[in-house]
Amino acid sequence: MKVLILGSGGREHALAWAVARSPRVTEIVCSPGNGGMAQIARCVPVDLKDLDAMVGLAESEKPDLTIVGPELPLSLGIVDALHERGLRVFGPTRAAAMLESSKGFAKRFLQRHNIPTPNYAVCVSAAEVEKAIEVFHPPIVVKADGLAAGKGVIMCDSRHTAAEAAQDLFSGALLGTPEHQVVIEEFLEGDEISFLCLSDGKHVTPLVPSQDHKRIGEGDTGPNTGGMGVYSTDTLLDPAMSDWILRHVAEPTIQGMAEEETPFTGVLYCGLMMTARGPQVLEFNARFGDPETQAILVRLESDLVDAIEACIDGRLADTTLRWTPGASACVVASSGGYPGSYKTGFPITGLGAAAQVPGVEVFHAGTALMGGQLLTAGGRVLGVTAAADSLQEALDRAYRVMAEIFFEGIYYRRDIGHRALKGGARV
Ligand code: AMP
Ligand code: GLY
């Protein structure tokens with residue numbers, strides 16, 4: 001079986017690693033891939049913003065299965081385009097991916113289906129924003145409607161700054177391109193959980209839960225990033241809570257999408273805030289998370305390709321996923337300056353250390369392989385992912401390997417997992 005993986009981050013490297021473990025897979029192509037994927041697959045350049053280029057690539061490679069990593073190709077309709085050409089592909093259609101690509105769509109959908117989510121208003125003009133924020137108490141959350149790679153959410157401590165933030169989204173001053181809609185949202189406090197599920201359009205199978213660390217700084221300070229680290233444990237959600245989320249969030253979402261004739265096949269990522277009044281949906285993603293996927297896949301014992309094919313063929317109800325009990329953690333190393341401006345092209349050393357520590361995988365993100373030398377090539381450069389019986393041991397392993405890795409300007413948070421470990425809890 002030949003598998004094409006679209007994307008170039010740590011998520012896609014982890015997907016390629018998991019796909020490579022499937023005995024049915026004989027060939028993996030990653031597009032565009034990165035320096036890590038180049039060591040286990042053939043990498044072919046492609047522009048993930050260019051639908052025609054991606055379709056052309058799939059038509060010439062003729063993979064038996066295409067797995068779409070990032071949100072942009074999904075929002076452009078890569079799944080619809082490959083379906084039209086009779087190619088098997090894993091991911092939601094463009095219409096179903098709107099759960100991620102339009103926050104206004106997602107909020108209205110959630111409200112229509114009585115799925116818990118913070119109070120909100122969808123606004124199409126500055127005048128509507130002015131009116132809406134009168135009934136919100138600061139802090140107020142202002143969100144871009146469209147995809148914004150983590151930069152489209154602004155926390156505002158007054159109505160005045162909320163109005164300004166919305167104006168900057170409408171004008172394009174904040175994201176470069178003007179937004180037609182913004183979402184004004186109630187600010188919620190609590191712990192965040194990434195609850196990812198597989199869906200075949202009808203059924204839902206949850207993956208192990210995980211918790212991301214979105215801020216650049218230790219103690220969750222500083223600007224948001226794509227994700228600086230993540231952990232997954234058996235005790236992150238108790239079974240009753242997990243079941244509640246399945247019944248009241250994930251299943252009604254999949255049912256609602258089916259009823260509205262935009263069935264959702266792929267990974268439904270529910271970004272939840274665990275609040276005093278129960279779990280609330282902050283966002284949906286229509287794909288695997290990054291870095292969640294790294295920590296999730298090192299715990300998956302079942303064949304990922306079988307699970308994906310069960311989704312495509314509508315057989316998920318007959319599929320059970322097996323997981324390694326215990327915990328996993330992924331610590332991301334970024335280029336100095338990220339998420340602001342940073343330099344690239346620095347040699348990366350010390351990767352051999354991973355082989356000395358059991359249960360550790362290094363998944364690359366922004367790396368390039370040039371003449372046999374690995375160089376930094378992005379903001380998030382790589383992630384060290386470790387599995388173990390306990391979270392403490394998984395973190396110890398990841399940090400032991402990270403301490404050996406070096407490139408100029410390397411930065412990583414030393415407190416991944418701090419929320420689970422606080423109070424001396426060892427899970
Ligand atoms: P989103 O892209 O909607 O998940 O937002 C990015 C991040 O902003 C989330 O992971 C949260 O940390 C934070 N956030 C988003 N919405 C809210 C909210 N209503 N209340 C508090 N924090 C939020
Ligand atoms: N880790 C957050 C995301 O994948 O969107």
Side-chain angles (χ1 to χ4, degrees), residues 7 9-12 14-15 68-72 74-75 97 99-107 110 116-122 136-157 162 165 169 175 182-196 207 209-217 220-232 266-277 279-297 330-332 334 339 363 365 379-380 383 385 416 419:
R11 162 184 52 211
E12 288 79 12
L15 285 167
V68 187
E71 56 276 25
L72 186 60
L74 296 171
S75 73
L99 282 179
E100 174 167 10
S101 63
S102 169
K103 288 202 191 282
F105 172 85
K107 294 295 290 190
L110 286 160
T117 191
N119 287 328
Y120 74 98
V122 180
F136 282 83
H137 197 279
I140 299 170
V141 186
V142 178
K143 298 185 175 185
D145 183 67
L147 298 179
K151 298 191 189 84
V153 176
I154 311 118
M155 308 291 167
C156 304
D157 53 16
L169 288 172
L175 296 177
V182 303
V183 174
I184 307 294
E185 202 174 78
E186 168 197 11
F187 178 85
L188 295 182
E189 271 178 280
D191 273 350
E192 279 182 67
I193 296 283
S194 303
F195 191 88
L196 281 70
L207 308 179
S210 57
Q211 188 172 61
D212 194 5
H213 298 62
K214 290 201 167 139
R215 307 291 200 92
I216 188 74
D220 301 315
T221 54
N224 264 331
T225 68
M228 292 304 292
V230 70
Y231 70 91
S232 167
V267 175
L268 179 70
Y269 169 140
C270 308
L272 304 171
M273 188 72 95
M274 308 302 281
T275 74
R277 58 187 159 105
Q280 304 271 323
V281 177
L282 289 187
E283 65 163 342
F284 284 124
N285 293 321
R287 48 161 176 89
F288 284 105
D290 190 346
E292 286 90 339
T293 301
Q294 291 86 310
I296 290 171
L297 290 182
C330 169
V331 180
V332 172
S334 63
F363 295 122
R380 287 189 292 174
T385 303
I416 299 306
R419 289 188 215 90

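Numbering of ligands and ligand atoms starts at 1, following listing order. In what follows, every heavy atom counts, from backbone to side chain, and hydrogens, waters and symmetry copies are set aside.
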Nearest heavy atoms of Asp290 and Glu292, plus distance in Å: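 Asp290 and Glu292 have their closest heavy atoms at N-OE1, 3.3 Å.
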
Please name the pair of heavy atoms, one in Phe284 and one in Ala106, separated by the smallest distance, quoted to 0.1 Å. CD1-CB, 4.4 Å

To which of [options] does the heavy atom nearest [atom] belong?
atom: atom 20 (N) of ligand 1; options: Asn119, Thr275, Asn285, Leu188; result: Leu188
atom: atom 15 (C) of ligand 1; options: Glu283, Lys143, Glu185; result: Lys143
atom: atom 5 (O) of ligand 2; options: Arg287, Glu71, Lys214; result: Arg287
atom: atom 7 (C) of ligand 1; options: Leu282, Thr117, Asn224; result: Asn224

Kindly say whether [Y] contributes a backbone atom to a donor-acceptor pair with the side chain of [X] at under 3.5 angstrom?
X: Glu185; Y: Val141; answer: no
X: Asn119; Y: Glu186; answer: no
X: Thr225; Y: Lys214; answer: yes
X: His213; Y: Ile416; answer: no
X: Ser194; Y: Gly271; answer: no
X: Lys107; Y: Pro118; answer: yes
X: Thr275; Y: Gly190; answer: no
X: Arg380; Y: Gly10; answer: no

Could you tell me, atom by atom, which parts of ligand 1 come under 4.0 Å of a heavy atom of [X]?
X: Lys103; result: 1 (P), 2 (O), 3 (O)
X: Lys214; result: 10 (O)
X: Phe187; result: 20 (N), 21 (C)
X: Met273; result: 21 (C), 22 (N)

Which residue supplies the protein heavy atom nearest to [atom], what is that atom called, and how far is it?
atom: atom 23 (C) of ligand 1; value: Met155 CE, 3.5 Å
atom: atom 6 (C) of ligand 1; value: Val153 CG2, 3.8 Å
atom: atom 12 (O) of ligand 1; value: Glu192 OE2, 2.4 Å

Side chain, backbone, both or neither: Phe288 near ligand 2, heavy atoms under 4.0 Å: neither

Just to be sure I read this right, does ligand 2 sit under 4.0 Å from the backbone of Val230, its side chain, both, or neither, counting only heavy atoms? neither

Any nitrogen or oxygen of Glu283, main chain or side chain, under 3.5 Å from a nitrogen or oxygen of ligand 2? no

Taking only heavy atoms of [X] into account, list the atoms of ligand 2 that are under 4.0 Å away from them.
X: Glu292; result: 1 (N), 2 (C), 4 (O)
X: Gly289; result: 4 (O)
X: Gly226; result: 1 (N), 2 (C)
X: Asp212; result: 1 (N), 2 (C)

For ligand 1, indicate whether the residue Glu186 contacts it via side chain, backbone, both or neither (heavy-atom separation under 4.0 Å). backbone

In sequence, state the C-alpha distance, the side-chain angles, and the governing distance for Gln211 and Tyr231, and then conclude on side chain to side chain donor-acceptor pair (under 3.5 Å). CA-CA 6 Å; Gln211 188 172 61; Tyr231 70 91; 2.7 Å; yes

Among Ser102, Ser101, Pro70, exactly one meets side-chain contact (heavy atoms from CB on, under 4.5 Å) together with Ser75. Which residue is that?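 Between Ser75 and the candidates, side-chain contact (heavy atoms from CB on, under 4.5 Å) is satisfied uniquely by Ser101.
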
